[in-house]
Amino acid sequence: MSPRRQALLLLAFLPMALGFFVMTGVMAGWLTHTLPGSDPTDPLRLALWINQILGLGLPFLGALLLLRPSLPELGIRRPAPGLLLLAGVGTLGLWIPLLAMDTLRARVLPDPLREALFFDLVRPGWGGNALVFAGLAVLPALMEELAFRGVLQPAFTRAWGPRVAIPLTALAFAGFHRSAAQFLVPLLLGLALGWLRWRTDCLWPSCAAHALHNALTIRAMQTHEAWFRPDAALPQPGGIAAGLLLTALAAGGI
């Protein structure tokens, strides 16, 4: 099968994968809503983990069986020394302007129900903060990077090159977040992760960057409950500029 035909098949497959992802989330929520927990959102967190593993994992396992890529094609290779550190430094810098954009977005296009759900999910419950960070920062990063930057982006790159593949994969990544209000930040994050995956020819730097971005967001939610409110303070311009400079310096070293 030619690379272009593989890419077109994946594009046609994406709406079905999204539908399965949504359906799995609904079923997982229904199955877990009666479970006891130390916190009322414990069953909801469990449903989210099931959705990540099954709802996202099974469709892309099917794509793997169809395409049969090698491990290097998926980006599963040892990263060059220092790459994970540079990816982390760049993510620390990028997180500041992304935070500013999301804070501004909350003023213009609020999504109170979804934002309240996020704040509930990051409260420690079963296993305390360790399980919160493992299940909400690390697990989504691994599953989503394997699916989007492991399977989709390389197939799109072989068909149309990185200039098409990176934004196309970022659009799919943002679309799977299923929120018009919270589309822009996943899109921009997806572009950065896609560039990192292409530049390093390795999946682990984008996994590490994604997990760190999630962890920073979780910690910010735990410590700043006013984040998404319309009167929330924006990061200072100097902080945004410093973050962008740090990201640029890290990117230059990759």
Side-chain angles (χ1 to χ4, degrees), residues 21 24-25 27-58 60-61 75-76 78-79 82-96 98-99 102 113-150 173 176-179 182 185-186 189-190 192-193 196-197 202-228 243 250:
F21 184 62
T24 305
M27 293 183 64
W30 177 73
L31 289 171
T32 59
H33 80 281
T34 58
L35 293 177
S38 57
D39 184 277
T41 52
D42 282 333
L44 185 59
R45 275 189 283 262
L46 179 59
L48 181 66
W49 301 333
I50 293 171
N51 194 31
Q52 283 284 331
I53 295 170
L54 298 181
L56 195 59
L58 289 180
F60 285 95
L61 178 60
I76 298 177
R78 180 178 295 180
L83 272 184
L84 295 181
L85 177 60
L86 285 170
V89 170
T91 303
L92 283 171
L94 184 62
W95 187 80
I96 300 172
L98 290 182
L99 167 64
D102 211 29
L113 291 178
R114 191 176 179 91
E115 287 154 4
L117 173 64
F118 286 165
F119 277 109
D120 283 342
L121 286 171
V122 301
R123 291 205 310 263
W126 288 330
N129 265 332
L131 199 55
V132 169
F133 280 89
L136 299 179
V138 178
L139 176 63
L142 287 173
M143 296 303 300
E144 291 170 6
E145 289 309 300
L146 281 168
F148 292 100
R149 259 67 63 177
F173 172 68
F176 265 71
H177 285 76
R178 310 191 314 279
S179 171
Q182 291 161 354
V185 167
L189 177 64
L193 295 173
L196 187 60
R197 166 70 175 88
C202 181
L203 191 64
W204 304 126
S206 65
C207 285
H210 193 160
L212 179 58
H213 172 86
N214 290 349
L216 290 169
T217 302
I218 289 168
R219 190 57 185 160
M221 286 183 174
Q222 290 179 336
T223 56
H224 295 83
E225 293 187 3
W227 180 2
F228 285 126

Legend entry - With sequence neighbours excluded, residues passing salt bridge (charged side-chain N to carboxylate O under 4.0 Å, His left out) with E144: none

Inset, instruction - Give, for atom CG of L142 and atom CG of L56, the distance between the pair rounded to the nearest 0.5 Å. - result: 11.5 Å

Inset, instruction - Could you tell me the separation between the CG atom of L189 and the CG atom of D102, rounded to the nearest 0.5 Å? - result: 11.0 Å

Legend entry - Pairwise distance SG(C202) to CG(L84) - rounded to 0.5 angstrom: 7.5 Å

Legend entry - Pairing residues for I53 by the side chain to side chain contact (heavy atoms under 4.5 Å, CB included) criterion, not counting sequence neighbours: L139

Inset, instruction - Taking all heavy atoms of S206 and all of L193, pick out the closest pair and write down the distance. - result: O-CD2, 3.5 Å

Legend entry - Residue from W95, W204, F173 passing ring-ring contact (aromatic ring centres under 6.0 Å, His included) with H210: F173

Inset, instruction - Just jot down the side chain to side chain contact (heavy atoms under 4.5 Å, CB included) partners of A211, sequence neighbours excluded, or say none. - result: A141

Inset, instruction - Before giving the answer on side-chain contact (heavy atoms from CB on, under 4.5 Å), spell out for M27 and T24 the whole-Å C-alpha distance, their side-chain angles and the decisive distance to 0.1 Å. - result: CA-CA 5 Å; M27 293 183 64; T24 305; 5.8 Å; no

Legend entry - Plane angle bin for F176 and F60 - parallel if under 30°, tilted between 30 and 60°, otherwise perpendicular: tilted

Inset, instruction - With sequence neighbours excluded, tell me which residues meet side chain to side chain contact (heavy atoms under 4.5 Å, CB included) with A28. - result: A47, I50

Legend entry - Test side chain to side chain contact (heavy atoms under 4.5 Å, CB included) applied to L85 - qualifying residues, sequence neighbours left out: V89

Legend entry - Closest contact, heavy atoms only, A192 versus L94: CB-CD2, 3.6 Å

Legend entry - Any side-chain heavy-atom pair of L121 and L44 under 4.5 Å: yes

Inset, instruction - Output yes when a side-chain donor or acceptor of R45 lies under 3.5 Å from a complementary backbone atom of R123, and no otherwise. - result: yes

Legend entry - Euclidean distance, T217 OG1 relative to L212 CG, rounded to 0.5 Å: 9.0 Å

Legend entry - Heavy-atom closest pair, residues P140 and G135: CD-O, 3.2 Å

Inset, instruction - Would you mind listing every side-chain hydrogen bond (donor to acceptor under 3.5 Å, both in side chains) that reaches into residues 131-143, with sequence neighbours excluded? - result: none

Inset, instruction - Can you see which heavy atom on F21 is nearest to which on Q52, and at what distance? - result: CZ-NE2, 4.4 Å

Legend entry - Least distance between heavy atoms, A209 atom then L196 atom: CB-CD2, 3.9 Å

Legend entry - F148 six-ring centre to R197 NZ/CZ under 6.0 Å and within 45° of normal: no

Inset, instruction - Take T32 and D42, measure what side-chain contact (heavy atoms from CB on, under 4.5 Å) needs, and give me the verdict at the end. - result: CA-CA 9 Å; T32 59; D42 282 333; over 6 Å; no

Inset, instruction - Working to the nearest 0.5 Å, report the span between CG of L146 and CG of L203. - result: 5.5 Å

Inset, instruction - With rounding to the nearest 0.5 Å, note down the distance linking CG in L58 to CG in L61. - result: 6.5 Å

Inset, instruction - Taking side-chain hydrogen bond (donor to acceptor under 3.5 Å, both in side chains) as the test, write out the residues that go with R219, two or more places apart. - result: Q222

Legend entry - Residues in ring-ring contact (aromatic ring centres under 6.0 Å, His included) contact with F133, at least two apart in sequence or another chain: none

Inset, instruction - Provide the closest heavy-atom pair for N51 versus G25 in the form atom of the first, atom of the second, distance. - result: OD1-N, 3.1 Å

Inset, instruction - With side-chain contact (heavy atoms from CB on, under 4.5 Å) as the test, would you mind laying out the steps for I218 and F118 before giving the verdict? - result: CA-CA 9 Å; I218 289 168; F118 286 165; over 6 Å; no

